[in-house]
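Inspection log for the structure reproduced underneath, given as structure tokens.
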Amino acid sequence: MTGQWLVNGIFQASTLVVVVWMLSRWGREIVGRALLAFLLCGAALTYVYFAAQAGAGSGWVVAELAGVVLYGSLGLCGLRGSPMWLAAGWALHPVWDVALHHVDPGHALAPDAFTITCLSFDLLVAAYVTVDHRYGLTRRRGRVASPALSDATPVHTR
């Protein structure tokens, strides 16, 4: 079953990657980043829901909220700064998924299907963000300003 969940995560992440790529390529790049930041925060927030549904104590819910703050902060940094903050958030989220919720102590809180699916999902999204940032997959070709039209060039008006 684990293999099936990992494959499911790959298919789900592939769908998200295509949507983000299209939003960034044909819309504004910030829209794709905003979606990734929102979903990163939402992925962490899902564990707050799981903890509340399982009747976990307030200490556990506070710990889950700390995850929301952590991943929400990485998402916000990726939205307002370098997208590599988003890549870091997505790459680190499997630690939260697997170490805290698949292996003890939070195993009883989150379904295995969710934690294992998130492993491949999160890593594929992190890889996309990294590759896009490095190679400019969403940059429009042919729209580079001429060096002659840089801000340093004085503009003469008559």
Side-chain angles (χ1 to χ4, degrees), residues 1-56 60-143:
M1 201 54 133
T2 300
Q4 189 175 11
W5 292 330
L6 289 171
V7 170
N8 188 30
I10 291 169
F11 280 117
Q12 290 177 10
S14 298
T15 302
L16 175 62
V17 163
V18 168
V19 169
V20 168
W21 180 81
M22 288 175 22
L23 287 170
S24 298
R25 177 79 173 165
W26 291 304
R28 293 186 52 207
E29 193 256 345
I30 195 71
V31 176
R33 273 207 243 179
L35 179 59
L36 289 174
F38 176 77
L39 292 176
L40 179 59
C41 189
L45 195 58
T46 303
Y47 287 109
V48 175
Y49 170 77
F50 288 151
Q53 284 294 105
W60 193 267
V61 173
V62 168
E64 297 294 356
L65 286 171
V68 174
V69 170
L70 171 67
Y71 292 106
S73 297
L74 288 169
L76 188 59
C77 288
L79 183 61
R80 303 205 29 114
S82 171
M84 292 310 291
W85 288 107
L86 275 172
W90 282 107
L92 290 173
H93 197 256
V95 173
W96 195 261
D97 295 322
V98 175
L100 196 59
H101 297 99
H102 184 68
V103 181
D104 288 330
H107 184 69
L109 302 179
D112 286 343
F114 187 81
T115 58
I116 298 301
T117 299
C118 281
L119 175 64
S120 57
F121 182 96
D122 296 350
L123 293 175
L124 184 59
V125 171
Y128 163 74
V129 173
T130 303
V131 168
D132 179 44
H133 180 67
R134 172 68 177 96
Y135 296 105
L137 301 178
T138 57
R139 284 187 219 126
R140 293 187 176 110
R141 307 288 186 250
R143 294 183 68 184

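One is the number of the first residue; the rest follow in order along the sequence.
- Separating the OG1 atom in Thr46 from the CD atom in Gln53 is a distance of 12.0 Å, to the nearest 0.5 Å.
- With sequence neighbours excluded, the residues forming a side-chain hydrogen bond (donor to acceptor under 3.5 Å, both in side chains) with Tyr47 are Asp97, listed by chain and number.
- Pro94 approaches Leu119 most closely through the heavy-atom pair CB-CD1, 3.6 Å.
- Between the Thr15 side chain and the Phe11 main chain, a donor and an acceptor come within less than 3.5 Å of each other.
- The distance from the CG atom of Leu45 to the CG atom of Leu40 is 11.5 Å, given to the nearest 0.5 Å.
- The shortest non-hydrogen separation linking Ala87 to Ala126 is O-CB, 3.5 Å.
- The line from CZ of Arg33 to CG of Asp132 is 9.0 Å long, rounded to the nearest 0.5 Å.
- For the pair Ser82/His133, a side-chain contact is recorded, criterion being any heavy-atom separation below 4.5 Å from C-beta on.
- A heavy-atom distance below 4.5 Å is not found between the side chains of Leu86 and Leu74.
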- Query: Passes side chain to side chain contact (heavy atoms under 4.5 Å, CB included), Ser120 versus Val7? Steps please.
  - Reply: CA-CA 8 Å; Ser120 57; Val7 170; over 6 Å; no
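- Nearest approach of Val61 to Ala51, heavy atoms of both residues: CG2-CB, 4.1 Å.
- The closest side-chain heavy-atom distance from Trp90 to Leu123 is not below 4.5 Å.
- Here the side chains of Ser24 and Val31 are not in contact, with every heavy-atom distance at 4.5 Å or above.
- Ser14 is listed as a side-chain neighbour of Leu124, based on a closest heavy-atom distance under 4.5 Å.
- The CZ atom of Phe50 sits 13.5 Å away from the CH2 atom of Trp60 when rounded to the nearest 0.5 Å.
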- Residue pair Trp96, Glu64: steps toward the side chain to side chain contact (heavy atoms under 4.5 Å, CB included) verdict: CA-CA 10 Å; Trp96 195 261; Glu64 297 294 356; 3.3 Å; yes
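- Rounded to the nearest 0.5 Å, atoms CG (Leu92) and CG (Asp122) are 10.0 Å apart.
- For the pair Gly89 and Tyr71, the tightest heavy-atom approach, listed with the atom from each and the gap, is O-CE2, 3.6 Å.
- Considering every non-hydrogen atom in both Leu109 and Ala54, the closest pair reads CD2-CB, 3.4 Å.
- Scanning for side chain to side chain contact (heavy atoms under 4.5 Å, CB included) contacts around Val131 gives Tyr135, Leu137, with sequence neighbours left out.
- Judged by distance alone, the side chain of Tyr128 and the main-chain N or O of Leu16 form no donor-acceptor pair under 3.5 Å.
- A donor-acceptor pair under 3.5 Å is formed between the side chain of Thr117 and the backbone N or O of Trp5.
- Scanning all heavy atoms of the two residues, the minimum distance from Trp85 to Gly78 falls at CB-N, 3.4 Å.
- Ring centroid separation for the pair Trp21 and Trp26 comes in under the 6.0 Å cut-off.
- Between the side chains of Asn8 and Gln4, no donor-acceptor pair is found at a separation under 3.5 Å.
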